[in-house]
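Proteins come first, then strands; the chains are lettered A, B, ... in the order of their sequence lines, and each starts at number 1.
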Amino acid sequence: DAGVIQSPRHEVTEMGQEVTLRCKPISGHDYLFWYRQTMMRGLELLIYFNNNVPIDDSGMPEDRFSAKMPNASFSTLKIQPSEPRDSAVYFCASSLVLAGGTDTQYFGPGTRLTVL
Amino acid sequence: AQTVTQSQPEMSVQEAETVTLSCTYDTSESDYYLFWYKQPPSRQMILVIRQEAYKQQNATENRFSVNFQKAAKSFSLKISDSQLGDAAMYFCASPTGTASKLTFGTGTRLQVTL
């Protein structure tokens with residue numbers, strides 16, 4: 001299996017521009033997670049989906065952030081308009097669900113976003 | 001509120017020695033999994049080891065083992081025979097809210113010296 005795929009790996013944009021991050025989860029996984037990692041706040045869960053349905057978006061910082069999962073093999077995280085404080089590494093992860101809770105979350109390589 | 005605590009921001013160990021990274025957590029779940037992830041400079045998050053809370057036996061994966069104490073909600077990671085490639089940030093993760101969500105600790109940066 002190719003693992004979780006994210007694109008782009010690096011993104012540099014100017015304040016006010018729209019940014020779209022993409023993720024392809026591992027085939028067959030039920031859950032998809034979007035995280036943001038910064039030095040100040042560590043690794044934060046933004047939103048997660050179960051069977052393509054958003055379950056919890058309480059971690060999404062503002063209305064400027066939105067996420068979609070139109071099918072089981074693709075998800076996007078969009079920031080519009082972007083601001084310098086959005087600069088971070090954004091990770092996508094996917095997992096199966098087990099009787100005792102979610103299985104291991106497998107992470108993509110991350111997208112390093114820089115907003116100038 | 002922070003539900004996963006890693007009290008050691010940095011640790012150092014000599015090559016071939018043993019080091020233990022500590023983690024405490026707080027969850028209301030009864031059945032759950034706990035995880036240690038490694039993040040090398042490449043920033044890829046890599047699973048190190050997983051513990052199933054309903055199993056009393058501590059998980060072991062080659063040179064990596066855990067000391068899981070459910071009542072104390074403690075989940076430490078022991079790395080034996082440390083290697084230079086073990087140098088990385090290590091994150092502990094536990095479920096929060098629902099078993100589907102994980103909260104990650106702030107991480108412990110491990111240095112391995114010759």
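Interface remark: A:Asp56 contributes side-chain atoms only to the contact with chain B (heavy atom separation under 4.5 Å). For a residue to count as touching a neighbouring chain, one of its non-hydrogen atoms must lie under 4.5 Å from one of that chain's; by this rule A:Arg112 touches chain B with backbone and side chain alike. Of the atoms belonging to A:Gln37, it is side-chain heavy atoms, and not backbone ones, that fall under 4.5 Å from chain B.
Proximity of A:Tyr35 to B:Leu102: side-chain heavy atoms (C-beta onward) are separated by under 4.5 Å at one or more points. Between B:Phe104 and A:Glu44 the shortest side-chain heavy-atom distance does not fall below 4.5 Å. Residues A:Tyr106 and B:Ile46 fail the side-chain proximity criterion, which asks for heavy atoms closer than 4.5 Å.
B:Lys101 and A:Ser58 get closest at one heavy-atom pair: NZ-OG, 4.1 Å. In terms of heavy atoms, A:Phe91 sits closest to B:Arg43 at CZ-O, 3.3 Å.
The number of heavy-atom neighbours closer than 6.0 Å to CZ of A:Arg41, taken from other residues, nucleotides and ligands shown, is 12 or below. Counted within 6.0 Å of NZ on B:Lys73, heavy atoms from surrounding residues, nucleotides or ligands total more than 12; the atom is thus considered enclosed. Counted within 6.0 Å of CD on B:Gln57, heavy atoms from surrounding residues, nucleotides or ligands total 12 or fewer; the atom is thus considered open. Within 6.0 Å of NZ in B:Lys55 there are 12 or fewer heavy atoms belonging to other residues, nucleotides or ligands. By the neighbour-count criterion of 12 heavy atoms within 6.0 Å, atom CD of B:Glu15 is densely surrounded, having more than that number from other residues, nucleotides or ligands.
Rounded to the nearest 0.5 angstrom, A:Leu45 CG and B:Thr103 OG1 are separated by 8.0 Å.
Two different hydrophobic clusters hold A:Leu32 and A:Val4 under the rule that ILVMFWY side chains link at heavy-atom gaps under 4.5 Å. Criterion: ILVMFWY side-chain heavy atoms under 4.5 Å apart, direct or through other members. Under it, A:Leu116 and A:Leu21 are not part of a common hydrophobic cluster.
With A:Gln105 as the fixed residue, the side-chain contact (heavy atoms from CB on, under 4.5 Å) test singles out one of B:Tyr37, B:Phe35, B:Tyr33: B:Tyr37.
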